[in-house]
2 protein chains.
Amino acid sequence: MTAIQDADSRPRGTRLPRLARRNQLLGAAQEVFVAQGYHAAAMDDIAERAGVSKPVLYQHFPGKLELYLALLDQHCEALVAAVRTALESTHDNKLRVAATVDAYFAFVDDHGGAFRLVFESDLTNEAAVRDRVERVAETCADAVSKVIAEDTGLGQDEAMLLAIGLTGMAQVTARYWISKGVAIPRDTASKLISTLGWRGISRFPRRDETPAG
Amino acid sequence: MTAIQDADSRPRGTRLPRLARRNQLLGAAQEVFVAQGYHAAAMDDIAERAGVSKPVLYQHFPGKLELYLALLDQHCEALVAAVRTALESTHDNKLRVAATVDAYFAFVDDHGGAFRLVFESDLTNEAAVRDRVERVAETCADAVSKVIAEDTGLGQDEAMLLAIGLTGMAQVTARYWISKGVAIPRDTASKLISTLGWRGISRFPRRDETPAG
DNA sequence: CTGCACGCCGATCTTGACCTCCACGGCTGT
DNA sequence: ACAGCCGTGGAGGTCAAGATCGGCGTGCAG
């Protein structure tokens with residue numbers, strides 16, 4: 001909860017090296033943005049959370065938007081990297097699906113709720129934010145679609161749509177799972193969804209399936 | 001595009017019956033909210049778009065939030081109704097999946113982009129909005145989960161997670177499809193996703209599918 | 001010991017958006 | 001036809017939040 005207190009145990013007025021201060025500010029900003037969203041989060045709140053005054057925020061970041069984008073970029077890259085790693089972790093497509101789905105669950109589970117910035121941002125009207133968020137989704141789905149297209153012979157457009165469906169399903173279910181206070185173990189939920197996805201995608205080469213429902 | 005002009009062809013100063021004026025304001029507000037999001041939309045913009053002045057807005061709605069909620073409620077109910085209708089349209093589960101998926105595609109395709117209010121709201125930090133949006137997702141998923149639980153014997157929690165996955169997949173793919181300028185015909189996209197979903201869910205009764213994972 | 005430099009804080013400014021007050025013009029009753 | 005009324009319009013108040021300036025305390029060189 002209050003991970004900041006560890007980095008700034010003295011209540012106020014501590015002199016910090018520049019980089020340490022910056023990281024501390026990023027941590028505080030993330031907590032506030034995650035808890036309140038971009039619009040409801042005030043720079044005063046972030047400064048107070050970090051135990052500093054407002055001017056220091058502006059000595060490290062030009063403005064609220066840049067502060068937000070710094071955090072967003074950080075976690076976007078983390079998600080893309082996690083999905084890439086999952087896809088490259090094996091050549092067995094079933095395991096690939098399981099690893100990728102679990103990457104979403106892990107992403108939602110860790111990072112101190114940072115998934116809210118990537119998946120539930122309230123600043124998607126800002127072009128810079130929208131670009132990043134869409135780019136993440138498309139990058140991940142594109143990596144998946146390559147595998148799909150290769151193994152099914154479907155066209156790129158259709159493979160991409162399926163990939164969006166699978167990654168979107170993983171994202172939505174992971175968010176639902178975390179929002180429900182982890183009533184189901186992560187393992188169980190992740191496996192259930194990866195099974196759903198795998199059963200959906202695995203028989204796609206053949207045009208017409210459903211042999212007696 | 002400018003559907004408002006039809007309802008208000010006289011440029012300014014037209015006396016309108018109360019309900020007609022209200023509906024016209026709702027239409028104008030929807031266009032602005034869809035195009036700009038809640039925060040970036042100014043009441044001045046909405047008034048100007050409707051061809052009236054600001055006070056008349058406040059004579060019909062107590063404030064910006066209530067105006068937004070009125071629109072949101074309207075379209076939330078529309079989506080829930082569409083999903084309910086789709087689920088009740090048949091007893092063949094395969095067709096049910098197809099109909100439900102297409103309900104999402106139709107919802108995204110019609111209503112003048114109103115899906116952005118339900119699926120991409122930038123006001124989810126407001127409790128009233130979050131409640132409504134989550135309630136829609138859960139209501140739809142719950143209806144689906146009932147069918148799943150009944151036909152597979154899975155527990156409610158697991159059936160619900162699967163239902164969230166299926167409805168979420170439909171929602172995400174429909175949004176992606178509409179955002180890509182309809183490069184694929186809606187029919188094709190909808191069928192592709194419903195096939196993916198049906199292949200995923202249809203063999204779920206059996207606990208263990210994979211022969212030697 | 002003492003003066004300097006540097007980073008931090010309290011207090012403030014300004015902008016912009018939501019929300020109301022004084023004049024005008026079209027409808028109704030005789 | 002004419003007077004009154006009610007809804008409309010432009011101009012303004014208020015307030016919150018992002019962005020910024022004069023003191024202060026700490027640590028070091030000489």
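So you know, we letter chains A, B, ... as the sequences are listed, proteins then strands, and number each from 1. This one's a predicted model, so the numbers in the text were calculated from it and none came from an experiment.
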Checklist line | Sugar-phosphate, base or nothing in reach of B:Ala41, heavy atoms under 4.0 Å | finding: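 The residue B:Ala41 makes sugar-phosphate contact but no base contact.
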Atom [atom1] of [X] and atom [atom2] of [N]: how far apart are they, to the nearest Å?
X       : N      : atom1 : atom2 : answer
B:Asp44 : C:dT15 : CG    : P     : 17 Å
B:Leu57 : D:dG10 : CG    : P     : 13 Å
A:Tyr38 : D:dA17 : OH    : P     : 13 Å
B:Met43 : D:dC15 : CE    : P     : 19 Å
A:His39 : D:dG18 : NE2   : P     : 11 Å

Checklist line | Qualifying side chain to side chain donor-acceptor pair (under 3.5 Å) pairs with a residue from residues 130-139 of chain A, counting only residues at least two apart or across chains | finding: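 Those involving residues 130-139 of chain A are A:Asp73-A:Arg132, A:Glu138-B:Lys180.
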Checklist line | OP1 or OP2 of D:dT20 under 4.0 Å from side-chain N/O of A:Tyr58 | finding: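 Answer no for this pair, as no side-chain N or O of A:Tyr58 is under 4.0 Å from OP1 or OP2.
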Show me the donor-acceptor pairs within less than 3.5 Å that the side chains of residues 169-176 of chain A make with the rest of the protein, sequence neighbours left out.
unit_1   : atom_1 : unit_2   : atom_2 : d
A:Thr173 : OG1    : A:Met169 : O      : 2.6
A:Thr173 : OG1    : A:Ala170 : O      : 3.1
A:Arg175 : NE     : A:Glu120 : OE2    : 3.0

Note to self: By nearest atom, which of the nucleotides D:dT8, C:dC18, C:dC8 is closest to the A:Arg21 side chain?
What the structure shows: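 Closest of the options to the side chain of A:Arg21: C:dC8.
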Check: What's the closest nucleotide to the B:Lys54 side chain, out of C:dC9, D:dA19, C:dC19?
Finding: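 Among C:dC9, D:dA19, C:dC19, the one nearest the side chain of B:Lys54 is C:dC19.
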Identify, with sequence neighbours excluded, every residue that meets side chain to side chain contact (heavy atoms under 4.5 Å, CB included) alongside [X].
X        : result
A:Ala20  : A:Leu16, A:Pro17
A:Thr85  : none
A:Ser145 : A:Asp142, A:Gln156, A:Ala159, A:Met160, A:Ala163

Next item on the list: Could you check which residues of residues 60-73 of chain A get a heavy atom under 4.0 Å from DNA chain D? Sort them by number, please.
Entry: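 Heavy-atom cutoff 4.0 Å gives A:Gly63, A:Lys64.
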I'd like a table of atom pairs between the protein and nucleotides 4-7 of chain C - only N or O on both sides, under 3.5 Å - with the distance next to each one.
unit_1 : atom_1 : unit_2  : atom_2 : d
C:dC6  : O2     : A:Arg15 : NH2    : 3.2

Next item on the list: State which residues pass side-chain hydrogen bond (donor to acceptor under 3.5 Å, both in side chains) with A:Asp122; sequence neighbours excluded, sorted by chain then number.
Entry: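 For A:Asp122 the side-chain hydrogen bond (donor to acceptor under 3.5 Å, both in side chains) partners, ignoring immediate neighbours, are B:Asn125.
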Next item on the list: Name all residues meeting the side-chain hydrogen bond (donor to acceptor under 3.5 Å, both in side chains) criterion together with A:His75; count only those two or more places apart in sequence or in a different chain, and write none if there are none.
Entry: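 Partners of A:His75 by the side-chain hydrogen bond (donor to acceptor under 3.5 Å, both in side chains) criterion, ordered by chain and then number, come out as A:Gln30.
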Next item on the list: Scan A:Phe119, A:Trp177, A:Phe115 and name whichever one has a ring-ring contact (aromatic ring centres under 6.0 Å, His included) with A:Phe107.
Entry: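 Only match with A:Phe107 under ring-ring contact (aromatic ring centres under 6.0 Å, His included): A:Phe119.
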Margin query: On DNA chain C, compare the nucleotides closest to B:Pro55 and A:Val56; which residue's is nearer the 5' end?
Written below: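 So the residue in question is A:Val56.
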Margin query: Tell me if a side-chain donor or acceptor on B:Ser190 pairs with a main-chain N or O of B:Arg186 at a distance below 3.5 Å.
Written below: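 No; zero donor-acceptor contacts below 3.5 Å.
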